[in-house]
K.L.:
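Below is the structure I would like to discuss, written out as structure tokens.
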Amino acid sequence: MIGIVIVSHSRKLAEGVLELAGQMTRGAVPMEAVGGIDDPDNPIGTDPMQVLAAIESVAGQAEGGVLVVMDLGSALMSAETALDFLDEAVRAKVRLCAAPLVEGTVAAAVQAATGASLGEADAEAATALEVKIHQLAPVTGTASPTGPASVPVSAPTDAPATTPTDAPATTPTDAAATAPTDGMSAALAPAPTSLPHEAARLELVIANKLGLHARPAANLVATAGKFRADIRLHKGDKSANAKSINQVALLAVKNGDAVAVTVSGPDAAEAVAALAALHKDHFGERDEDILAAPATAPETPCATTGDGAITATPASGGYAVGPAAVHEARLPEVSRRDTADPEAEIRALDQAIATARAAIGALRQEAERASGPAGAGIFTVHDLILGDGAMREAAVARITGEHCDAAYAWSQAVAAMATAYAGLDDAYMRARAADVSDCGGRVLRILAGEGEGGIRLTGEAVVVAHDLTPSDVAGLDAGLVRGLVTEVGGATSHAAILARSLGIPAVIGAAGCLGRIADGQVIALDGFTGTVWTAPEAALRADIAAKRTAWQAAGREAKARGAAPAVTRDGLAVPVWANIGQPADAAKALAGGAEGVGLFRTEFLFQDRDRAPDEQEQYEAYLAAAKAMEGRPVIIRTLDIGGDKPIKYLDMPREANPFLGQRGVRFCLARPELFRSQLRALLRAAAEADIRIMYPMIADVAELEGVLAFQARVRQELAGEGRAVAGRVKTGIMIEVPSAVAMADKLASRCDFFSIGTNDLTQYALAADRGNAAVATLCDSLHPAVLRLIGQACRAAAAAGIAVGMCGELAGDSRATPLLLGLGLTELSMSAPAIATVKEAVRAADRGACRALAAKAMDAPSAAAVRQLL
Ligand code: PEP
Ligand code: MG
């Protein structure tokens with residue numbers, strides 16, 4: 001891996017750039033920032049000796065060399081001077097980069113994280129500014145300085161239409177070969193429709209709210225960079241090298257865009273699997289960054305086809321046929337009244353807001369239960385809108401200024417806020433206008449003395465409306481609503497999101513449909529294609545009804561199979577659990593069929609914030625996860641930080657080999673206060689739910705005894721305070737260090753369960769850094785060396801009579817399931833999306849055959865030979 005030194009006249013600027021690039025690469029690339037001079041009165045400048053020290057320090061951590069990125073003027077001179085002082089051998093591996101500081105550093109760092117060479121990172125940095133130039137050129141009218149850039153990438157429809165026949169016969173490899181340093185040429189090359197060496201092609205729809213913006217793009221590039229295969233990303237007639245952050249950025253992939261990934265080369269199959277998993281994981285973004293875009297572009301224009309059907313935006317898949325229930329949205333009529341008592345009006349307003357927020361809280365709980373966090377999150381937004389105070393302040397100002405009544409003042413404030421949202425450029429933000437009107441209308445109805453709004457269905461029906469609010473959708477009787485059709489709105493509206501999470505077929509944006517549909521008229525809809533038939537013939541009705549029956553049956557079957565236990569053909573029930581990173585993931589895990597949580601990585605609670613969560617916050621988070629699992633067991637792992645998971649505010653030691661340093665329990669034992677508050681939270685939560693404690697990175701018997709003694713002391717302390725503490729908490733350890741396998745018999749007699757962490761066990765067994773692309777082929781969990789260690793740990797657990805599970809990535813690979821069962825694993829824990837397929841693999845397995853397979857695999861000479869067996 002190469003490293004980077006950032007040189008600026010301003011220390012703050014250098015550190016800011018370091019922070020940005022570090023976030024993009026999650027600390028994977030050795031980097032240092034230098035800036036400013038040692039003169040309190042005039043701190044702006046650069047010091048060659050500081051640059052020298054930084055280069056030497058980074059060179060010590062980066063065997064591939066050091067790229068120095070500078071701002072301007074004397075920064076270049078300081079860097080050149082520093083080079084003169086460097087040892088000849090080091091200087092040979094240092095390169096000064098001509099790229100602009102911010103863009104260049106980010107591009108070079110992302111490239112470096114893929115294992116790129118000094119030259120490759122430098123070349124990538126050199127084109128970094130092109131992304132911005134291309135993005136702004138159509139707006140400013142400024143032509144790009146480079147030839148190919150004259151085609152505006154951000155406006156692909158302007159590009160000349162390319163049909164398969166006029167696509168040049170150029171493979172991606174050729175394109176890269178003819179223009180190795182010109183990222184733009186490759187980025188703008190028309191996408192070939194078939195590739196001579198293409199091994200696989202993935203068609204993906206991007207659900208990330210902001211598309212493939214910096215962070216997800218960096219994750220895509222980092223994943224692609226782990227493979228030797230040529231990987232291309234195609235959008236429309238453009239293609240990009242998926243290992244180039246600039247090229248990926250230039251494709252300007254937005255939410256809802258359909259893209260294709262083509263992969264060709266030696267490790268194509270593995271690359272495809274990794275990229276598919278990354279897409280499933282929304283390129284590493286969190287739930288709130290995802291819009292669950294429909295399978296086609298979000299804002300399909302409404303069109304009427306020849307057979308009279310209306311086509312609009314397919315907002316939620318499924319079929320429906322039935323009588324229409326036409327809904328007319330109506331806010332209470334408000335006419336302005338004068339008041340002599342503004343204070344009383346303000347009190348009435350506050351009371352109405354409080355009542356509305358309480359109702360929203362109840363709706364949120366209901367939505368969480370029915371449709372998980374996506375549905376519930378909508379009501380969190382409503383609560384935030386009402387709790388924010390902006391509309392209240394506007395209404396109060398009007399009440400006191402004009403001496404008018406609360407309802408009128410509030411209606412004006414809501415209208416102004418909704419108008420402000422509706423005028424925004426961004427489609428997603430525009431859609432929030434409906435949310436403002438929805439929750440604002442709720443308060444208004446209370447002020448006007450009207451009951452809940454909502455749609456009352458008297459029989460099964462397809463609801464047809466000009467627009468629907470999230471409250472309308474959430475309040476529908478699930479037993480009666482067959483589908484939804486609206487005249488306005490896009491797939492990003494919360495009503496559409498709710499419909500998807502509730503599984504109600506919906507077509508949104510069917511302009512003019514109200515003029516063609518009367519209450520009670522039988523209509524049909526296909527939520528997959530976005531089609532509404534306003535007067536379907538009998539044959540079409542029968543066809544859609546049959547499709548609905550089949551769709552519902554398939555949904556029931558998938559759900560039932562996902563939730564049902566996994567039992568091998570010879571009768572062993574294998575609990576299949578989920579790995580989670582925060583409480584909100586638990587509901588998703590449960591919906592995916594998880595029978596428990598096998599790994600709650602608590603370090604995620606500590607990341608992306610300024611200080612550690614306190615005991616109470618942790619207690620609530622652990623309990624929330626357990627409650628979401630509705631009584632099923634939840635294994636919570638104590639903090640596993642260090643290694644590749646540094647936490648900025650914890651002032652962690654700088655270590656030459658962090659994976660071999662103060663990581664996991666080693667770090668926690670060195671920070672007793674941090675450890676103590678986590679264990680207090682865990683033991684308190686375990687008194688109220690089936691929570692189990694797991695310790696990471698146990699390498700030694702004394703270490704296990706140390707943490708158990710610590711746990712016992714914390715328990716005594718809580719008991720002494722009269723707190724409720726669980727009688728006995730099941731306590732286990734991760735088996736992820738080879739020494740723990742060697743000592744497994746001794747460890748097994750001191751704890752309740754093992755959970756094998758193949759991610760670390762593999763890297764430590766094979767001495768191959770799990771984050772280093774250069775050794776990725778060696779760092780393979782299917783290596784027979786790793787399988788032998790797993791087998792040994794399983795035997796020790798069986799001899800001691802304790803459970804042995806696996807929560808490393810290998811557990812989620814359904815191809816490996818028979819092998820893992822054969823090695824003796826009795827529980828498996830993985831990311832939620834993998835659960836259904838792994839359960840199917842368990843159901844297909846017979847342990848006799850599994851054991852024979854495991855024996856052969858442990859006897860194989862290589863990971864490749866094991867793969868052949870699988
Ligand atoms: C592992 O090492 O396999 C594991 C599950 O832990 P993590 O990936 O969090 O280090
Ligand atoms: Mg681990």
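Predicted model, so just to flag it, every value in this text is computed and none were measured. Whatever order the structure lists them in is the order used to number ligands and atoms, beginning at 1.
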K.L.:
If you measure only the distance, is there a donor-acceptor pair under 3.5 Å linking the side chains of T602 and Q678?
P.N.:
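Short answer, yes.
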K.L.:
Counting heavy atoms only, which part of R637 comes closer than 4.0 Å to ligand 1: side chain, backbone, both or neither?
P.N.:
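For R637, only side-chain atoms sit under 4.0 Å from ligand 1.
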K.L.:
Could you tell me which atoms of ligand 1, counted from 1 in the order shown, lie closer than 4.0 angstrom to a heavy atom of E736?
P.N.:
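Checking each atom against E736, I get 1 (C), 2 (O), 6 (O).
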K.L.:
Show the atoms of ligand 1 that are less than 4.0 angstrom away from any heavy atom in R601.
P.N.:
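Close to R601: 4 (C), 5 (C), 6 (O), 7 (P), 8 (O), 9 (O).
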K.L.:
Check ligand 1 against L599 and write out every atom of the ligand that is under 4.0 Å from a heavy-atom position of the residue.
P.N.:
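Checking each atom against L599, I get 5 (C).
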K.L.:
Below 3.5 Å, N or O to N or O, backbone or side chain included: is there any such pair between E809 and ligand 1?
P.N.:
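No, E809 has no N/O under 3.5 Å of an N/O on ligand 1.
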K.L.:
Looking only at heavy atoms, what is the nearest atom pair of V263 and A229, with distance?
P.N.:
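Minimum heavy-atom separation between V263 and A229: CG1-CB, 3.7 Å.
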K.L.:
Please work out which of the three classes, parallel, tilted or perpendicular, describes the rings of F675 and F710, given edges at 30° and 60°.
P.N.:
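Judged by the thresholds at 30° and 60°, the geometry between F710 and F675 is tilted.
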K.L.:
Side-chain donor-acceptor pair under 3.5 Å between S829 and N579, yes or no?
P.N.:
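Side-chain D/A pair, S829 to N579: present.
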K.L.:
Below 4.0 Å, non-hydrogen atoms only: which portion of R663 touches ligand 1? Side chain, backbone, both or neither.
P.N.:
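Just the side chain.
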K.L.:
Relative to the heavy atoms of D640, which atoms of ligand 1 are at a distance of less than 4.0 Å?
P.N.:
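Listed by number with element, the hits are 10 (O).
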K.L.:
Pull out every atom of ligand 1 sitting under 4.0 Å from any heavy atom of G757, numbered as shown with elements.
P.N.:
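Selected atoms, number and element: 1 (C), 2 (O), 3 (O).
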K.L.:
With side chains defined as the heavy atoms from C-beta onward, is the minimum distance between K226 and T114 less than 4.5 Å?
P.N.:
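Not touching, per the 4.5 Å side-chain cut-off.
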K.L.:
Between I756 and ligand 1, which part of the residue brings a heavy atom under 4.0 Å of the ligand: side chain, backbone, both or neither?
P.N.:
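Under 4.0 Å from ligand 1, I756 contributes no heavy atoms.
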K.L.:
Considering only heavy atoms of C807, which atoms of ligand 1 have at least one such atom less than 4.0 Å away?
P.N.:
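Here the atoms of ligand 1 in question are 5 (C).
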K.L.:
Please list, one pair per line, the donor and acceptor atoms closer than 3.5 Å that link side chains of residues 700-708 to other protein atoms, with sequence neighbours excluded.
P.N.:
unit_1, atom_1, unit_2, atom_2, d
E703, OE1, A699, N, 2.7
E705, OE2, R750, NE, 2.8
E705, OE2, R750, NH2, 3.4

K.L.:
Once salt bridge (charged side-chain N to carboxylate O under 4.0 Å, His left out) is applied, what residue pairs with a partner in residues 684-697 remain, sequence neighbours excluded?
P.N.:
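Non-adjacent pairs meeting salt bridge (charged side-chain N to carboxylate O under 4.0 Å, His left out): E615-R684, D690-R692.
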K.L.:
Tell me, do L810 and I790 make a side-chain contact under 4.5 Å, heavy atoms counted?
P.N.:
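Answer yes - side chains close enough.
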K.L.:
With respect to the Mg ion (ligand 2), what is the nearest N, O or S atom of D760?
P.N.:
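Per the distance ranking, D760 contributes OD2 as its closest N/O/S atom to the Mg ion (ligand 2).
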K.L.:
Examine E736 and say whether one of its N/O/S atoms is closer to the Mg ion (ligand 2) than 2.8 Å.
P.N.:
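Yes, since at least one N, O or S atom of E736 sits under 2.8 Å from the Mg ion (ligand 2).
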